[in-house]
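Since the structure comes first, as structure tokens, the remarks are kept for the end.
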Amino acid sequence: MELWGIIGCVFMVLLILAAVLSNGMVLICFLSCTDIRAQVPGLFILNLTLCNLLLAVINMPLTLVGVIHGHQPGGEGLCRAVGFLETFLTSNSMLSMAALSIDRWVAVVFPLSYHSKMRYQDAALILLYSWIHSLSFPTVALCLSWVGFHQTYGSCTLYNRKPEEGASFMAFMVLFHLLSFLLSFLVLCVTYLQVLKVARSHCRRIDVITMQTLVLLVDLHPSVRQRCLEEQKRRRQRATKKISTFIGTFLLCFSPYVITRLVEISSSTPINSTWGIASRCLAYSKALSDPFVYCLLRNQYKSCCRDMVNKILKRSSSGQSSAERVNSYVGNLVPATEQ
């Protein structure tokens, strides 16, 4: 095996381990924290996490075996089942991200009617559509024998071995990527740009109030004034960074593989195997970034992780927070001269 092949295998092993650990942590948080389960977006998070976890446990290791040995892992039946599962999980995860963006759009643009517009029944219907949509394409491909081991990508995926069916397979692949990758990407862009527009509007109103307050408080210390201005700047950038992360990671991870597949079926130029495997690994890396982008970096999940660690260490986070409140209260009772 060449040097680049060894580096790629090591990267895939690390990717598998990190994806299993991060998605497993999200699943543990979901199961152990009532507040997370009580929220409607938790259903979309659960669906996305399960898809990523199955990819990391089943598809990624078998792709690693295929890359190392250069042929399909197991028999033809196993390869077809793995290719079916990979197509379903990838499409379902994309649609789950689109569903999360729709949920955020409803919450930000229609905050007063959010609970009536986005109920558990509505989320279940969205997930039902996502499953039907994601199952339809691999089912058709399986019936037409368009699933098999692709040497270029080192994995069992959508693949046509019959040259006479090239035009039909091309139309199928274009339709599949239009209704999975492109549809999800457009939903992400439309919804999150609307969210960004509303967030900037709120920031402008807060900035006006902040500036009016700073003008009225003429005796305010310069350091306090400077901190207010810095927080004002960070507030304007926060929403832009988050939305750029949501859309950017989706585009960065999926677009190289999608473009490579479309170029492969639309031209006679062979795709380099190293690039094919690299683009496949880049698409797999979305399973690693999703737990951090959507869950683990949020305060709610951080708090849940802290509570679980405190329980493991035989400490109660509620007791600790109560002690902090008592100490704070006692400290406020101490005269300033004694402090």
Side-chain angles (χ1 to χ4, degrees), residues 1-27 48-94 96 134 137-138 141-142 146-161 173 176-177 180-181 249-250 252-261 263-264 270-293 296:
M1 183 179 292
E2 297 180 356
L3 178 60
W4 286 110
I6 297 175
I7 295 175
C9 291
V10 172
F11 173 78
M12 283 197 67
V13 170
L14 297 176
L15 179 62
I16 292 168
L17 293 175
V20 170
L21 289 175
S22 58
N23 285 282
M25 180 60 69
V26 173
L27 187 59
L48 178 62
T49 301
L50 291 176
C51 289
N52 290 334
L53 201 55
L54 288 174
L55 274 174
V57 172
I58 299 175
N59 292 91
M60 292 186 195
L62 291 176
T63 298
L64 179 61
V65 173
V67 170
I68 294 174
H69 295 287
H71 57 78
Q72 67 183 31
E76 186 68 24
L78 176 63
C79 187
R80 288 162 64 89
V82 170
F84 176 93
L85 185 63
E86 179 177 289
T87 306
F88 163 72
L89 293 176
T90 304
S91 178
N92 201 358
S93 63
M94 291 181 182
S96 297
S134 303
F137 285 97
L142 197 63
W146 286 346
V147 181
F149 181 77
H150 204 311
Q151 190 76 34
T152 303
Y153 307 99
S155 62
C156 297
T157 182
L158 298 176
Y159 183 47
N160 177 38
R161 295 190 181 93
M173 288 290 287
F176 169 67
H177 289 301
S180 56
F181 170 77
T249 53
F250 183 91
L252 178 64
C253 293
F254 286 126
S255 60
Y257 179 71
V258 172
I259 294 173
T260 302
R261 292 306 310 261
V263 169
E264 172 205 344
I271 303 297
N272 182 270
S273 178
T274 302
W275 168 250
I277 295 172
S279 64
R280 180 71 268 183
C281 291
L282 193 60
Y284 282 149
S285 67
K286 194 70 173 73
L288 172 60
S289 66
D290 284 343
F292 297 97
V293 170
L296 295 179

* **Minimum heavy-atom distance Leu158-Ala141, with the two atoms named** => CD2-CB, 3.5 Å
* Structure fact -> Sorted by chain and residue number, the ring-ring contact (aromatic ring centres under 6.0 Å, His included) partners of Tyr257 (sequence neighbours excluded) come out as Tyr153
* To do: For Ser96, check side-chain hydrogen bond (donor to acceptor under 3.5 Å, both in side chains) against everything at least two apart and list the hits.
  => Asn47
* Asked: Does Ser22 use its side chain to pair, donor to acceptor, with the backbone of Ala19 at less than 3.5 Å?
  -> yes
* Asked: Going from CZ on Phe181 to CD1 on Ile259, what distance comes out if it is rounded to the nearest 0.5 angstrom?
  -> 6.5 Å
* Compare every heavy atom of Gly154 with every heavy atom of Ile277, then report the nearest pair and how far apart it is. => CG1-N, 4.3 Å
* To do: Look up atom CG in Leu21 and atom CG in Leu288, then write down how far apart they are to the nearest 0.5 Å.
  => 10.0 Å
* Is the closest side-chain heavy-atom distance between Leu64 and Cys9 below 4.5 Å? -> yes
* Go through the structure and list residues passing disulfide bond (SG atoms under 2.5 Å apart) with Cys51, not counting sequence neighbours. => none
* Structure fact -> The disulfide bond (SG atoms under 2.5 Å apart) partners of Cys156 (sequence neighbours excluded) come to Cys79
* Quick one: are His150 and Arg261 in side-chain contact, heavy atoms under 4.5 Å? -> yes
* Quick one: which residue pairs count as a salt bridge (charged side-chain N to carboxylate O under 4.0 Å, His left out) with a foot in residues 54-65, not counting sequence neighbours? => none
* Nearest 0.5 Å, what's the CD1-CE distance between Ile7 and Met12? -> 15.0 Å
* **Spacing of Trp146 atom CH2 and Thr87 atom OG1 [to the nearest 0.5 Å]** => 13.0 Å
* Could you go step by step and tell me if Ser93 and Lys286 meet the side-chain contact (heavy atoms from CB on, under 4.5 Å) rule? -> CA-CA 9 Å; Ser93 63; Lys286 194 70 173 73; over 6 Å; no
* Asked: Between Leu27 and Leu50, does a side-chain contact (heavy atoms from CB on, under 4.5 Å) hold up when you go through it step by step?
  -> CA-CA 8 Å; Leu27 187 59; Leu50 291 176; 4.3 Å; yes
* Asked: Any side-chain heavy-atom pair from Leu15 and Ser285 closer than 4.5 angstrom?
  -> yes
* Structure fact -> Sorted by chain and residue number, the ring-ring contact (aromatic ring centres under 6.0 Å, His included) partners of Phe137 (sequence neighbours excluded) come out as His133, Phe172, Phe176
* Ignoring hydrogens and angles, tell me if any N or O in the side chain of Gln72 forms a donor-acceptor pair with the backbone of Gly66 under 3.5 Å. => no
* Can you tell if the side chain of Leu296 reaches within under 4.5 Å of the side chain of Met25, non-hydrogen atoms only? -> yes
* Supply the atom-to-atom distance Leu89 CG to Leu53 CG, rounded to the nearest 0.5 angstrom. => 10.5 Å
* To do: Please collect all salt bridge (charged side-chain N to carboxylate O under 4.0 Å, His left out) contacts where either partner lies in residues 54-73, sequence neighbours excluded, each pair once.
  => none
* To do: For Phe254, enumerate each residue passing the ring-ring contact (aromatic ring centres under 6.0 Å, His included) test, keeping only those at least two apart in sequence or located in another chain.
  => Phe250
* Heavy-atom pair with the smallest gap, counting every atom of Pro61 and Ile16 -> N-CD1, 3.7 Å
* Asked: Pairs in or reaching into residues 16-26: which pass salt bridge (charged side-chain N to carboxylate O under 4.0 Å, His left out), with residues at least two apart or in two chains?
  -> none
* side chain to side chain donor-acceptor pair (under 3.5 Å) partners of residues 53-67, not counting sequence neighbours, each pair once -> Thr63-Tyr284
* **Side-chain heavy atoms of Val147 within contact of Thr157, under 4.5 Å** => no
* Asked: Pairs in or reaching into residues 49-76: which pass salt bridge (charged side-chain N to carboxylate O under 4.0 Å, His left out), with residues at least two apart or in two chains?
  -> Glu76-Arg161
* To do: Under the side-chain hydrogen bond (donor to acceptor under 3.5 Å, both in side chains) rule, collect the residues that match up with Thr260, sequence neighbours excluded.
  => Trp275
* Please answer whether the main-chain N or O of Ala287 pairs with a side-chain N or O of Asn23 as donor and acceptor at a distance below 3.5 Å. => yes
